[in-house]
*Asks:* 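Take a look at this one; I'll ask things after.
Side-chain atoms are counted along with the backbone in the values below, which use heavy atoms only and exclude waters and symmetry mates. To find a chain, count down the sequence lines: A is the first, B the second, and so on, and within it residues start at 1.
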Number of protein chains: 2
Amino acid sequence: MPSKPQPPVTMDAVYAAPGYLFRRMQQIAVSIFMEECKEFDLTPVQYAALVAIHTHPGIDATRLSAVIAFDRSTLGSVIERLQAKQYVERKPSPEDKRIKLLHLTKSGAALLKEIIPAVERAQARMLEPLKPADRKSLMALLVQLVDLNNEASRVPLRAEDALEHLGKAG
Amino acid sequence: MPSKPQPPVTMDAVYAAPGYLFRRMQQIAVSIFMEECKEFDLTPVQYAALVAIHTHPGIDATRLSAVIAFDRSTLGSVIERLQAKQYVERKPSPEDKRIKLLHLTKSGAALLKEIIPAVERAQARMLEPLKPADRKSLMALLVQLVDLNNEASRVPLRAEDALEHLGKAG
DNA sequence: TCTAGATTGTCAGTATACTGTCAATCTCAA
DNA sequence: TTGAGATTGACAGTATACTGACAATCTAGA
């Protein structure tokens, strides 16, 4: 067991790297979400999209991508799948022929209501191993970090902007 | 501004959900990594794989997946790409015809040395917006949470086990 | 020894993610 | 009004991720 200063490249350095930990935690989070929600056949991304469409009926795909900070290209196929499952409808906009407006179907709205307890169980389980005070600290730090790093991601969150163009905020 | 208790489904609930924050942070982390390392044409996953192969020369793909906690199926294509870039070699094991042993090439080892400063810049940038004390708190909580949730992921980290079978820890 | 069960690498299928490109469409300024 | 530039949705290409299946191979027990 050599005890001299670590050579420049070690697994310990990887295990302690923020990027590695964020990746691991994301994988764990998805795994827990899928487990709790397996009876609903809905992914975390699809859930977020459903909530956003529910909150902003008539939103278009580009603005939806800004509201949930997901890539626009990716979102296209997400919406397709939600459409295939009959949770979402797309109607051409009468005002702008490029745009397709998104609405929840009855079935989509019903699903959203039903799935909430499972989603909340999943979110709770992700933090469960920590002490309650630590959960709060972690979430506070993470909210801060994600917010301050917003511009570093390709698709920054633009919730406000997106809302304004829908005529809901002003 | 309504101040009554939030209706059951809101974007605010999504924005504050651990799963959503972990996803956003992971996307930001990848984005920063790719930006700092763009001259090397290496992804975060490929980097972790290179480090693990460097640390455990002669490891096979299944054990590699345990050492970095990545899915075995996914790892196959990651290794293929590293092989195509001439950073990694695969040789059949003389003892077990199912197994292919992994080694860094000279070019792979050289790349690993060169890329370290960029990787460290990336890791630092991810946490930069936080105060130094907060960075430490966040990392400490995250290390804890990932460790305690280890079994919740499909591919739990099994660094020790994997090492033993390579005859490096006995 | 012979076979049931485990392991390894691979593959097919699905679902994010991101980059870059494109045609259709819209906007706005000259 | 017309044309440059922006926007929208779609697509191709690459790279994780995970599930489930499979043949080849290895291991152990009967």
*Asks:* Any salt bridge (Lys or Arg N to Asp or Glu O under 4.0 Å) pairs touching residues 31-55 of chain B, not counting sequence neighbours?
*Replies:*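 Qualifying pairs: B/Glu35-B/Arg125, B/Glu36-B/Arg121, B/Glu36-B/Arg125, B/Asp41-B/Lys85.
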*Asks:* Please report, rounded to the nearest Å, how far the P atom of D/dG9 is from the CD atom of A/Gln83.
*Replies:*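 Answer to the nearest Å: 12 Å.
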*Asks:* What is the distance from CD1 of A/Ile79 to P of D/dG9, rounded to the nearest Å?
*Replies:*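 Roughly 8 Å, once rounded to whole Å.
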*Asks:* Round to a whole Å and report the spacing from CD1 of B/Ile68 to P of D/dC18.
*Replies:*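 Value for this atom pair: 12 Å.
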*Asks:* Select one nucleotide: of D/dT16, C/dC18, D/dC18, the one nearest the side-chain heavy atoms of B/Arg81.
*Replies:*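 Selected nucleotide: D/dT16.
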*Asks:* Between C/dG9, D/dT8, D/dT16, which nucleotide has the shortest distance from any of its atoms to the side chain of B/Ile99?
*Replies:*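 Given the options C/dG9, D/dT8, D/dT16, the side chain of B/Ile99 is closest to C/dG9.
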*Asks:* For residues 136-146 of chain A, which side-chain N or O atoms pair as donor and acceptor with protein atoms under 3.5 Å away, sequence neighbours left out?
*Replies:*
{"residue": "A/Ser137", "atom": "OG", "partner": "A/Ala133", "partner atom": "O", "Å": "3.0"}

*Asks:* Would a 4.5 Å heavy-atom cut-off, applied to side chains only, mark A/Gln27 and B/Gln26 as touching?
*Replies:*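 Of all side-chain heavy-atom pairs linking B/Gln26 with A/Gln27, none is under 4.5 Å.
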*Asks:* Which residue is it: B/Thr43, B/Ile32, B/Ile115, B/Leu42? I am looking for the one with a side-chain contact (heavy atoms from CB on, under 4.5 Å) to B/Cys37.
*Replies:*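 Only match with B/Cys37 under side-chain contact (heavy atoms from CB on, under 4.5 Å): B/Ile115.
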*Asks:* Rounded to whole Å, how long is the line connecting atom NZ of B/Lys91 with atom C1' of C/dT8?
*Replies:*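 Distance, rounded to whole Å: 19 Å.
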*Asks:* Could you list the residues that satisfy side chain to side chain donor-acceptor pair (under 3.5 Å) with B/Arg135, not counting sequence neighbours?
*Replies:*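 Residues passing side chain to side chain donor-acceptor pair (under 3.5 Å) with B/Arg135: none at all.
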*Asks:* Which listed nucleotide (D/dA15, D/dG9, C/dT16) is nearest to the side chain of A/Thr62?
*Replies:*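 Closest nucleotide among those given: D/dG9.
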*Asks:* Does anything in residues 97-107 of chain B form a side-chain hydrogen bond (donor to acceptor under 3.5 Å, both in side chains)? List the pairs, not counting sequence neighbours.
*Replies:*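 Qualifying pairs: B/Asp96-B/Arg98.
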*Asks:* In whole Å, what is the span from the CE atom of A/Met34 to the P atom of C/dT14?
*Replies:*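 Spelled out: CE on A/Met34 to P on C/dT14 is 14 Å.
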*Asks:* In the structure I gave you, are the side-chain heavy atoms of A/Tyr15 and A/Asp12 within less than 4.5 Å of one another anywhere?
*Replies:*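 With C-beta onward as the side chain, the pair touches.
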*Asks:* Using the side chain to side chain contact (heavy atoms under 4.5 Å, CB included) rule, take A/Leu148 and B/Glu128 through it: C-alpha gap first, then chi angles, then the decisive distance, then the call.
*Replies:* CA-CA 9 Å; A/Leu148 294 171; B/Glu128 202 164 63; over 6 Å; no
*Asks:* If you look at every strand shown and take non-hydrogen atoms under 4.0 Å, does B/Thr74 touch a base, only sugar-phosphate, or nothing?
*Replies:*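 Base contact - B/Thr74 has a heavy atom under 4.0 Å of at least one base atom.
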*Asks:* Mind calculating the distance between OH (A/Tyr47) and C1' (C/dT16) to the nearest angstrom?
*Replies:*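 My rounded result for the distance is 19 Å.
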*Asks:* What N/O pairs connect the protein and nucleotides 11-13 of chain D at under 3.5 Å? Give each pair on its own line.
*Replies:*
{"residue": "D/dC11", "atom": "N4", "partner": "A/Ser73", "partner atom": "OG", "Å": "3.1"}

*Asks:* Does A/Val30 or B/Lys85 map to a spot on DNA chain D nearer the 5' end, using the closest nucleotide for each?
*Replies:*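 Counting from the 5' end, the first nearest nucleotide belongs to B/Lys85.
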*Asks:* Calculate the interatomic distance between B/Leu102 atom CG and C/dT8 atom P; express it in whole Å.
*Replies:*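 So the CG-P distance, B/Leu102 to C/dT8, works out to 13 Å.
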*Asks:* Under the side chain to side chain contact (heavy atoms under 4.5 Å, CB included) rule, what do A/Phe33 and A/Val119 come out as? Steps first, then yes or no, please.
*Replies:* CA-CA 7 Å; A/Phe33 184 101; A/Val119 171; 4.0 Å; yes
*Asks:* When you check the phosphate oxygens OP1 and OP2 of C/dT16, does a side-chain N or O of B/Gln26 lie under 4.0 Å from one of them?
*Replies:*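 No, outside the criterion.
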*Asks:* What are the atom names and distances for every N/O pair under 3.5 Å that joins the protein to nucleotides 25-29 of chain C?
*Replies:*
{"residue": "C/dT25", "atom": "O2", "partner": "A/Arg98", "partner atom": "NH1", "Å": "3.3"}
{"residue": "C/dC26", "atom": "OP1", "partner": "A/Lys97", "partner atom": "N", "Å": "2.6"}

*Asks:* Go through the steps to decide whether B/Thr55 and B/Val67 satisfy the test side chain to side chain contact (heavy atoms under 4.5 Å, CB included), and finish with yes or no.
*Replies:* CA-CA 10 Å; B/Thr55 310; B/Val67 164; over 6 Å; no
*Asks:* Does OP1 or OP2 of D/dA10 have a side-chain N or O of A/Arg72 closer than 4.0 Å?
*Replies:*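 Indeed not, no polar side-chain atom of A/Arg72 lies that close.
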*Asks:* For D/dT16 and B/Ser77 - does any side-chain N or O of the residue sit under 4.0 Å from the phosphate oxygens OP1/OP2?
*Replies:*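 So the side-chain polar atoms of B/Ser77 never come under 4.0 Å of the phosphate oxygens OP1 or OP2 of D/dT16.
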*Asks:* Rounded to whole Å, how long is the line connecting atom CG of B/Leu64 with atom P of C/dG9?
*Replies:*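 Taking CG of B/Leu64 and P of C/dG9, I get 10 Å after rounding.
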